[in-house]
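Because the structure is a prediction, the values reported are computed rather than measured.
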Amino acid sequence: DLRLAERGVFPQMLSLTLNARLPELEDPEVRALVFAAIDRQAVNDLALKGLGEPSTGFFPDALSWAQHPEVNFDEDFPRDVDAINAALDEAGFEVGADGYRFTLTARYVATHSEAEATAEVIKSSLEDVHIGVNLVGASEPVWSEAVWGDYDFGMNILRNTVGADPSIGPARWLTCNPNDIPQNNASGVCDEELQAAADGAMEVIDRDARAEHFYTLQERARDLILWA
């Protein structure tokens, strides 16, 4: 018998990495404001044609056993445009004569249509808080070299799979990557507490014990907001 499969083995995700090497993004509070300004519902409705759903945490529902019950993007990073604009003013990023506080380069693989559409929605969202976005799509080798070789990006937008386990899925986008290995953390942030939590989850087998380590990882990831 033939059966129509409604989903693959591992769900797809669209993720965002912020380049903390840039002076505009070195402060986690500013990164949090940039992330909060992105209309994630519009990304789903417009870029993904309603076929996905905005994630409310670092781990999607496919990894529900490891999801932190008290990490919620809607509550932690509310899209209050007036408050975000005021906070960016206080952070020293005032609107310039060109109408922008600063401009970021958003990179993505050109053949990933979902990533391109997402980048366009992000650009529109950040206009509301006077942050410019230059969209740069490229072939995968050129994109990879720009992100992990030259660090020539402000935002990296990537379509990827969730993976079977947090340690080989979301965690690799958050943990230290001193050798700049592609398809891993590109933010430039290497945080000891976050790394220790990820390592701890790899050192035990019991799922509940692993979940506790992942809870710590997600709490620290919320503080740093370098990938989501």
Linking I/L/V/M/F/W/Y whenever their side-chain heavy atoms sit closer than 4.5 Å, directly or via other members, would [X] and [Y] fall into one cluster?
{"X": "Leu18", "Y": "Leu22", "result": "yes"}
{"X": "Leu126", "Y": "Val95", "result": "no"}
{"X": "Phe77", "Y": "Val81", "result": "yes"}
{"X": "Ile157", "Y": "Val136", "result": "no"}

If I take atom [atom1] from residue [X] and atom [atom2] from residue [Y], how far apart are they, to the nearest 0.5 angstrom?
{"X": "Glu203", "Y": "His213", "atom1": "CD", "atom2": "NE2", "answer": "7.0 Å"}
{"X": "Ile122", "Y": "Ile38", "atom1": "CD1", "atom2": "CD1", "answer": "4.5 Å"}
{"X": "Leu46", "Y": "Thr118", "atom1": "CG", "atom2": "OG1", "answer": "10.0 Å"}
{"X": "Ser167", "Y": "Leu63", "atom1": "OG", "atom2": "CG", "answer": "10.0 Å"}
{"X": "Leu194", "Y": "Leu174", "atom1": "CG", "atom2": "CG", "answer": "5.5 Å"}

Do the side chain of [X] and the main chain of [Y] share a donor and acceptor less than 3.5 angstrom apart?
{"X": "Asp206", "Y": "Asp208", "value": "yes"}
{"X": "Trp227", "Y": "Pro170", "value": "no"}
{"X": "Arg159", "Y": "Met13", "value": "no"}
{"X": "Asn72", "Y": "Glu75", "value": "yes"}
{"X": "Glu116", "Y": "Thr111", "value": "no"}
{"X": "Asn19", "Y": "Tyr151", "value": "yes"}
{"X": "Gln12", "Y": "Thr161", "value": "no"}
{"X": "Gln218", "Y": "Ala66", "value": "yes"}
{"X": "Arg220", "Y": "Thr216", "value": "no"}

Residues, nucleotides or ligands: over 12 heavy atoms within 6.0 Å of [X] [atom1]:
{"X": "Gln41", "atom1": "CD", "result": "yes"}
{"X": "Glu53", "atom1": "CD", "result": "no"}
{"X": "Glu70", "atom1": "CD", "result": "no"}

- Asp152/Arg107 ion pair, N-O < 4.0 Å: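 Answer for the salt bridge query: yes.
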- Query: Any Lys/Arg nitrogen of Asp180 or Arg21 sitting under 4.0 Å from an Asp/Glu carboxylate oxygen of the other?
  - Reply: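 Between Arg21 and Asp180 there is a salt bridge, with a charged N closer than 4.0 Å to a carboxylate O.
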- Could you give me the CA-CA distance, side-chain angles and deciding distance for Leu226 and Thr17, then say whether side chain to side chain contact (heavy atoms under 4.5 Å, CB included) is met? CA-CA 6 Å; Leu226 53 96; Thr17 298; 5.7 Å; no
Of all the heavy-atom pairs spanning [X] and [Y], show the shortest one and how long it is.
{"X": "Ile225", "Y": "Pro28", "result": "CG2-O, 3.6 Å"}
{"X": "Ile131", "Y": "Val34", "result": "CD1-CG2, 3.9 Å"}
{"X": "Asp128", "Y": "Arg79", "result": "OD2-NH2, 2.9 Å"}
{"X": "Ser144", "Y": "Pro182", "result": "OG-CB, 3.6 Å"}
{"X": "Ala186", "Y": "Val147", "result": "CB-CG1, 3.6 Å"}
{"X": "Asn185", "Y": "Asn177", "result": "O-ND2, 2.9 Å"}

- Does the ring centre of His130 sit less than 6.0 Å away from the ring centre of Tyr100?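 No, the ring centres sit 6.0 Å or more apart.
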- Aromatic ring proximity, centroids under 6.0 angstrom, Phe214 and Phe58: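 For Phe58 and Phe214, the ring centres are not under 6.0 Å apart.
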- Query: Going through the distances and angles, do Arg101 and Asp89 end up as a salt bridge (Lys or Arg N to Asp or Glu O under 4.0 Å)?
  - Reply: CA-CA 9 Å; Arg101 303 175 187 279; Asp89 286 341; 2.6 Å; yes
- Item | side chain to side chain donor-acceptor pair (under 3.5 Å) between Asp191 and Gln195, intermediate numbers included | CA-CA 6 Å; Asp191 182 76; Gln195 184 68 51; over 6 Å; no
- Task: Quick one: do Trp143 and Asn156 satisfy side chain to side chain contact (heavy atoms under 4.5 Å, CB included)? Show the steps, please.
- Result: CA-CA 9 Å; Trp143 158 81; Asn156 181 39; 2.7 Å; yes
- Task: Could you walk me through whether Asn160 and Leu158 pass the side chain to side chain contact (heavy atoms under 4.5 Å, CB included) test, one step at a time?
- Result: CA-CA 6 Å; Asn160 209 336; Leu158 178 63; 3.7 Å; yes
